[in-house]
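Encoded as structure tokens, the structure appears first; notes follow it.
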Amino acid sequence: MGGQHVTAPVATDAEREALTFAAFDIDVHLRPAAQQIAVRALLTVRNDGHSPLAHIPLQVSSSLDWETIRLAGHDVAFTVATLNSDVDHTGQLHEAAIALATPLAPGATLALDVTYSGTVPQSAQRLITIGTPTDAALHTDWDSIAVDFTGLRGFGNVVWYPVSSVPVILGDGARVFDEMGEHKLRIAAARFRLTLTDEFPHGHAPTVALINGRLVPITLTEPPAAGAEVPGIATASLDSAFLGFEAPSLFLAVRTAHQATNTALYTIPDDDSAVEAWASAAAFVTPFLQGWLGQEPRSQLTILDLPDPEDAPFETGPLLVTPVQQATQDELDDIFAHALAHAWMSSPRAWLSEGVAHFMGTLWIEKQQGRKKALESLESSRTALALAEPASPGEGPGQPLAQAISPVYYRTKATYVFWMLRDLAGDAALSAAFRNYTPTDDAARGLGPNAHADYFEKLIERAAANSGESSSLGPSPDLPRDLSWFFSDWVNADKGLPDISIDSVFPSHTEGDNWLVAVNLSNSGYAAAEIPVTVSNPQTSITQRVIVPARGKVTQRILMQGQPTKVQANDGTVPETEASIHIRTLGEADGAPPSSPPAVQQ
Ligand SMILES: [Zn+2]
């Protein structure tokens, strides 16, 4: 039992990277009074590497110990090494390595039956190591098993289920966070079953259980009041066909339930007074979300109150774990515009889940404070996106949005993509695509690192055809709008950002008061973009939409009344590597007869 402890790990990074979990069937037994967890897990693992696997590495938090590993009904010998890795709050993992008699061939799967157990007290070791003050560190790393609140966020916080990962440390750039994203993407297609048994002390029956952010019903067997030594038993379970882009998480707590619009809140007594303001924000924001996403959300939003008002919020799927505190109504409205969007738009793909929620947040700003403020909020995160993007597709792999693992892509870039789709297909078509979106249909097209799915593209193309709302470049309304050029440059591959400039402008006086303005545009980036081009003078303005091809040039001729004084290309909705708005001011001289076009200042 327990494996042989070794000082140097047996498994290699190549083996850790090759192993993918295809199915989890987990039986969790909690004894919160002792902070204990005991787990039996039936796992299906697959070799996604190119060469046979000699070892199967399995990792859990360093506060948990491996007990048995069985293959085909037989106990197998294994070694256990302690790895330094900040994907767990303790800063370390216990890695079991099984030496296979016959190496696992590429593409082959293996069924494992494992047990491990231990305690999960709060630990902020990884943050204290890099100099975070203890108090602040504990408000970030709040995961633990305790009587009134058990919170296990999974890989990246507490590795409470078996994983296989390359060791990474905080302070090494964004590697811990990239590894978290990579983990979620790799197990997105995994089947996940969990049965929970909780032995709670008398008087501390849990009132809320959440597995992977999903509220699950609790069955209680209370102990007889007299025998305080005998624990009560609470059970709950979840069975899902696929995980989606989420790290498995487990929450169990003693809280008071409050019902609000499309929202269930579970609070501690200290925070009951804030519930009314939170509930009113849920009611206030709901009609806005209904307008975009449909009458009924796919599930309810669950808000779970954290033990301490300083604790850092966390969200996964339609669950927001946060201190439920007094806040201004505007602050609460902003929180609900994002959080409730997750209750409507559930997707196993990060860019459609987090991207849509963040997009709704920016539309809420537009509705409440105007378009200018909404575009400013987009612009505030554009620089980080431009820095992350490869300057040219050859210079770095980047992250195709469809398989993105970093928030700067699946949140920031995705939000821009939806703003651009508003202009390309119209609000009605985008809204219809969201309403018609079905997570299981999308998942059926494949999930994970190699999935190449055009489900959402087809939804919005069909919706654009049916809405009859034609954008300037749309073909006849009966034909599906072909958005494949857009999806191939912005979603299915990472072509970086466009870099557009106004090369030159030639206004020419035609007849009467009419002017024809030739605007020469170029794009030195590798992604094509459709941008608005506006010519104006103090009396009038004309806007046309223009596709500027990747690494290409285009001339747009715009007819207007009166002499033009200004040309603007892009309004901030298309993110570019440098600025996302280009303005050229035209002088009196810029109006000579067409035969002798003046040189326009650059
Ligand atoms: Zn979110």
Side-chain angles (χ1 to χ4, degrees), residues 140 151 153-157 174 177-178 180-181 183-185 188 210-215 243-249 251 260-265 278 281-282 285-286 288-289 292-294 297-306 311-324 327 331-366 374 377-378 380-381 384-385 399 401-419 434 437 439 442 447 456:
T140 302
R153 282 178 284 185
F155 189 87
N157 293 287
F177 302 98
D178 286 350
M180 287 166 74
H183 169 75
K184 293 186 212 174
L185 183 65
L210 294 134
I211 303 170
N212 302 348
R214 270 68 185 171
L215 201 57
L243 266 173
F245 191 82
E246 282 170 37
S249 62
F251 288 91
T261 314
N262 296 318
T263 307
L265 291 114
W278 285 60
V285 169
T286 284
F288 157 75
L289 290 167
W292 269 96
L293 303 174
R298 199 165 285 279
S299 67
Q300 282 211 324
L301 169 67
T302 305
I303 295 181
L304 178 62
D305 202 1
L306 275 163
D311 287 343
F314 165 76
E315 63 163 18
T316 185
L319 167 65
L320 175 61
V321 187
T322 181
V324 176
E331 288 167 342
L332 293 178
D333 294 345
D334 289 350
I335 289 171
F336 275 91
H338 179 110
L340 267 177
H342 281 297
W344 262 270
M345 188 69 184
S346 149
S347 171
R349 300 184 200 283
W351 76 282
L352 287 169
S353 163
E354 184 59 14
V356 169
H358 199 70
F359 174 58
M360 285 300 139
T362 60
L363 291 181
W364 177 254
I365 297 173
E366 180 187 53
S377 87
L378 287 179
S380 68
S381 48
L385 173 62
Q399 293 179 22
L401 196 53
Q403 290 102 40
I405 58 161
S406 305
V408 71
Y409 287 95
Y410 64 69
R411 186 179 297 142
T412 305
K413 188 174 186 175
T415 300
Y416 271 113
V417 161
F418 294 123
W419 273 80
F434 290 151
Y437 181 84
D442 192 5
L447 297 172
F456 188 76

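Order of appearance sets the numbers: ligands from 1, and atoms from 1 within every ligand. A quick note: this is a predicted structure, and the numbers were derived from the prediction, not measured.
- Here the N, O or S atom of E315 that is nearest to the Zn ion (ligand 1) is OE2.
- Here the N, O or S atom of H338 that is nearest to the Zn ion (ligand 1) is NE2.
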Show which side-chain atoms of residues 358-365 pair as donor or acceptor with protein atoms under 3.5 Å away, not counting sequence neighbours.
residue: T362; atom: OG1; partner: F359; partner atom: O; Å: 2.7
residue: T362; atom: OG1; partner: W419; partner atom: NE1; Å: 2.9
residue: W364; atom: NE1; partner: D334; partner atom: OD1; Å: 3.4

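- Looking at residues two or more places apart in sequence or on another chain, you find no salt bridge (Lys or Arg N to Asp or Glu O under 4.0 Å) involving E331.
- Between the side chains of D178 and S406, at least one donor N or O sits under 3.5 Å from an acceptor N or O.
- The only member of R153, K184, R214 that meets salt bridge (Lys or Arg N to Asp or Glu O under 4.0 Å) when paired with E246 is R214.
- Note on E354: its N/O/S atom closest to the Zn ion (ligand 1) is OE1.
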